[in-house]
Amino acid sequence: MKNMLFFLLGIFTLFTACSDDADSTPLTPTMLKVVSCDFVKEEMDWVKPVKEIGEPSFAIENETDFPTTYLNQWENSTLETSLFSLYTGSLPKAENLGELTIRVPTLHADGTFSDGGSEVPLVFGTTYEILDPTSRGQEEIVVPGHSTLKKITERTGSSCSITFYLVLVDVNTGQQYELRGAWYGLQISKETHTLLT
């Protein structure tokens, strides 16, 4: 009976030691890499032109009989927004998830798109925005007597909903993750114009 107890105690000790070794083995962190990202315009997808002319934001009235000079300061800019929404597949937790980027397409007014757009973070459910002042300056404008100078902002460009197919790979294990979803993009330029009335 004593021998049997010693035998069982020995097996229990051996099992516990092996279990401790397994628990102490460090886990390899998941490190992802983008293998490919293809954008495809499927049946329900769209690329639409955007054209908005705002209300006059500023006005100078010359109520005299003589012309006056106004120093007009202007700035043109581009605005891009990007939102990824996931349909199928699941994104694993990874050490470098915040460092992954995707190059999105360039949108065109005729409803098409092409490669070579901006590089944006691979973030799902959050809109990423790029605002880039392209040019600025000032000019003197002569405002004739009994006339009004108005400043109007015009926004032109394109918006879209396009399907994407994304393949990620864990560089440590080789495991691949295939994801499908929608990219909602907006690419517009904003210009300020003056109008004499």
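Side-chain atoms are counted along with the backbone in the values below, which use heavy atoms only and exclude waters and symmetry mates.
For the pair Leu107 and Gln187, the tightest heavy-atom approach, listed with the atom from each and the gap, is N-OE1, 2.9 Å. In terms of heavy-atom proximity, Val171 sits nearest to Lys33 at CG1-CB, 3.7 Å. Among all heavy-atom pairs drawn from Thr112 and Val47, the shortest one is O-CG1, 4.0 Å.
Taking CD from Glu95 and CG from Leu32, the interatomic distance works out to 10.0 Å, rounded to the nearest 0.5 Å. Rounding to the nearest 0.5 Å places CG of Asn76 at 9.5 Å from OG1 of Thr153. Between the CG atom in Leu179 and the CG atom in Leu166 there is a gap of 5.0 Å [rounded to 0.5 Å]. To the nearest 0.5 Å, the span separating CD1 on Ile188 from CZ on Arg155 amounts to 3.5 Å.
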- Message: I'd like to know whether Trp183 forms a side-chain contact (heavy atoms from CB on, under 4.5 Å) with Ser82, so could you lay out the CA-CA distance, the side-chain angles of the two residues, the decisive distance to 0.1 Å, and finally the verdict.
- Response: CA-CA 7 Å; Trp183 171 60; Ser82 185; 2.7 Å; yes
- Message: Let's go through Leu149 and Ile141 carefully: what are the C-alpha distance in whole Å and the side-chain angles of both, what is the deciding distance for side-chain contact (heavy atoms from CB on, under 4.5 Å) to 0.1 Å, and is it a yes or a no?
- Response: CA-CA 9 Å; Leu149 175 70; Ile141 298 177; 4.2 Å; yes
- Task: Could you go through the side-chain contact (heavy atoms from CB on, under 4.5 Å) check for Cys160 and Lys48 one step at a time?
- Result: CA-CA 6 Å; Cys160 76; Lys48 296 178 181 177; over 6 Å; no
- Chi angles and distances behind the side-chain contact (heavy atoms from CB on, under 4.5 Å) call for Val104, Phe84: CA-CA 11 Å; Val104 297; Phe84 291 99; 4.0 Å; yes
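In this structure, the side chain of Arg103 engages the main chain of Gly117 through a donor-acceptor pair within 3.5 Å. In this structure, Asn62 contributes its side chain and Pro144 its backbone to a donor-acceptor pair below 3.5 Å. A donor-acceptor contact shorter than 3.5 Å links the side chain of Asp45 to the backbone of Thr163.
Taking the six-membered ring wherever Trp is involved, the centroid distance between the rings of Phe113 and Phe39 does not fall below 6.0 Å.
Within a 6.0 Å sphere centred on CG of Asp115, other residues, nucleotides and ligands contribute 12 heavy atoms or fewer. Heavy atoms from other residues, nucleotides or ligands lying under 6.0 Å from CZ of Phe66 number 12 at most. For NZ of Lys150, the number of neighbouring non-hydrogen atoms (other residues, nucleotides, ligands) closer than 6.0 Å is 12 at most. Atom CD of Glu119 has more than 12 heavy atoms from other residues, nucleotides or ligands within 6.0 Å.
A salt bridge links Arg180 and Glu42; the closest N-O separation between the charged side-chain nitrogens and carboxylate oxygens is under 4.0 Å. The existence of a salt bridge linking Glu75 and Lys190 is excluded, since no basic side-chain nitrogen approaches an acidic carboxylate oxygen closer than 4.0 Å.
The ring-ring contact (aromatic ring centres under 6.0 Å, His included) check on Tyr70 picks up Phe58, with sequence neighbours excluded.
Using the six-membered ring where Trp is involved, Phe164 and Phe124 have ring planes that are tilted, between 30° and 60° apart.
For the pair Val50/Glu52, a side-chain contact is recorded, criterion being any heavy-atom separation below 4.5 Å from C-beta on.
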